[in-house]
Number of protein chains: 2
Amino acid sequence: MASVGRSGPKPGVETRERLLAAAESLFMEQGFRSTSLREITARAKVNLAAVNYHFGSKDALVREVLQRRLGPLNEARVQYLDRLEAEASGPLPVERILEALLLPALRLSRNPLEHGSTVLRLLGRAFSEPGDYMKDFLPDQYRVAARRFQQALGRAMPHLPESELVWRMHFTFGAIAYVMAGDDALQLVASCQAPEADNPEAIVRRLVPFLAAGLQAPTAPPLDGSPPTLAGTLPRRAA
Amino acid sequence: MASVGRSGPKPGVETRERLLAAAESLFMEQGFRSTSLREITARAKVNLAAVNYHFGSKDALVREVLQRRLGPLNEARVQYLDRLEAEASGPLPVERILEALLLPALRLSRNPLEHGSTVLRLLGRAFSEPGDYMKDFLPDQYRVAARRFQQALGRAMPHLPESELVWRMHFTFGAIAYVMAGDDALQLVASCQAPEADNPEAIVRRLVPFLAAGLQAPTAPPLDGSPPTLAGTLPRRAA
DNA sequence: GTCTATAATAAGATAGAC
DNA sequence: GTCTATCTTATTATAGAC
């Protein structure tokens, strides 16, 4: 139904794509709520009204931008996880499950077809502004994948109570989102700049050991000083 | 210089406090940027113009709300850390350093003098919207405390390269901020609701082992498959 | 499909009476 | 100190010519 190049003043077909690309990069830099349609259409070099013509509203544009990335990303994550489990004999070690969670995002971020490269930060933003645009949208997008990873992690750490696992996944996603959102927050921590802040692969390589250790940590004592139970299978450090 | 109860239509002295309280609770629930002055003055049951009279601008109000909490909080954290170090002989275990980071926030959140109790979420919000209102404000507020904790953690894990430590602190703050921001994001992870989501103490008790293990995790192999080095002192799990 | 022009809303800030 | 009324600005969204 769409045009194939007719009589419009501009090339025609690519306006929608230009808008998605401009919106994505601006959302990445500034967040969703802080970015106006005027900024988006200016960067895309299209008319302001084009947003409403192609998407209907700013909300719909936001959803479209996210869906374009999150859909394939979570599919890739689950597929990656499926493949790892199919190849392995027993339950996967936690580190490999984290790989399945992080590497597809890393690949996406370095796909030269995607203009700006750092799609990671867009995802971080999405998790950093949950109450604004994606109150009921993001959960649907993530619930399937989240359940799948919870299942895998539960198999990797059969002794960890489910309630504890849920919390630790929450902590994990928090660390991931924060790191992915990037830029501003980084300067808060260090007097010195964190090294390699712009290299996603380096970040992932540092993140996996941190999260794997956290996920497999001994559980806290109930409330008194009784000894902690061993949480997971502790594949590397078991005696 | 301020009034002591004169001829104004309303009680008088407490308008400023009412504004701070209303703003704080609304920022907590919706974030900073999403909250308008009109909502704030409506909840505080004061006139719209009062904000500009007492604070000068919305930005100044935001800073005031944050400073009222973050200042004392970070002071308490550093004092707590100082006291722990004074009492201890050697370097502190990582778990205790994390205590110093989290318990003062926990106490603040349960101070019955503070109306709504969950000040934690305000702090989480502050870290979740870094680019908006606190671009240069939050860093100043945190830099001193952050350096202090980096120092303590460096002593606890003398073998961990500083670059690695900075990143791990970053991951740590991310997990903390995400958990503190609370509410919306929590539903993303689990089909089931996370237990005790409204009990800060329970969250802290689960968070400390997770973060302590992450901070002390073995470092990643450089790029190939060479064996990881032991990062910190691993006080509990050392062979 | 694209554009100009404009409507409709909501925001932060101020002036000036009381 | 507080209030009403208003200004200015920025936003999303639309109507209608081309």
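Below, chains carry the letters A, B, ... as their sequence lines are ordered, and counting in each starts from 1.
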Query raised in the report: If only side-chain N and O atoms of T15(B) are considered, is one of them under 4.0 Å from the OP1 or OP2 phosphate oxygen of dG1(D)?
Result: no

Requested in this report: Examine dT11(D): is either OP1 or OP2 under 4.0 Å from a nitrogen or oxygen in the side chain of S36(A)? Give yes or no.
Outcome: yes

Sub-3.5 Å pairs of nitrogen or oxygen atoms, protein against nucleotides 13-17 of chain C:
| residue | atom | partner | partner atom | Å |
| --- | --- | --- | --- | --- |
| dA13(C) | OP2 | K58(B) | N | 2.9 |

Taking atom [atom2] of [N] as reference, at what distance in whole Å does atom [atom1] of [X] sit?
X      : N       : atom1 : atom2 : result
R18(A) : dT2(C)  : CZ    : P     : 10 Å
R33(A) : dA10(C) : CZ    : C1'   : 11 Å
Q30(A) : dT11(D) : CD    : P     : 11 Å
F55(B) : dT2(D)  : CZ    : P     : 11 Å
I40(A) : dA13(D) : CD1   : P     : 11 Å

Requested in this report: Please list, chain by chain and in numerical order, all residues satisfying side-chain hydrogen bond (donor to acceptor under 3.5 Å, both in side chains) with D82(A), sequence neighbours excluded.
Outcome: R148(A)

Query raised in the report: In chain order, what residues pass the side-chain hydrogen bond (donor to acceptor under 3.5 Å, both in side chains) check against R43(B), with sequence neighbours excluded?
Result: S25(B), E29(B)

Query - All salt bridge (charged side-chain N to carboxylate O under 4.0 Å, His left out) counterparts of E164(A), not counting sequence neighbours - result: R168(A), R206(B)

**Report entry** Results of salt bridge (charged side-chain N to carboxylate O under 4.0 Å, His left out) for R77(A) - residues two or more places apart only
**Finding:** none

Query raised in the report: Residues in side chain to side chain contact (heavy atoms under 4.5 Å, CB included) with Q67(B), at least two apart?
Result: F137(B), Q141(B)

Query raised in the report: Would you say V94(A) and L211(A) make side-chain contact, with heavy atoms under 4.5 Å?
Result: no

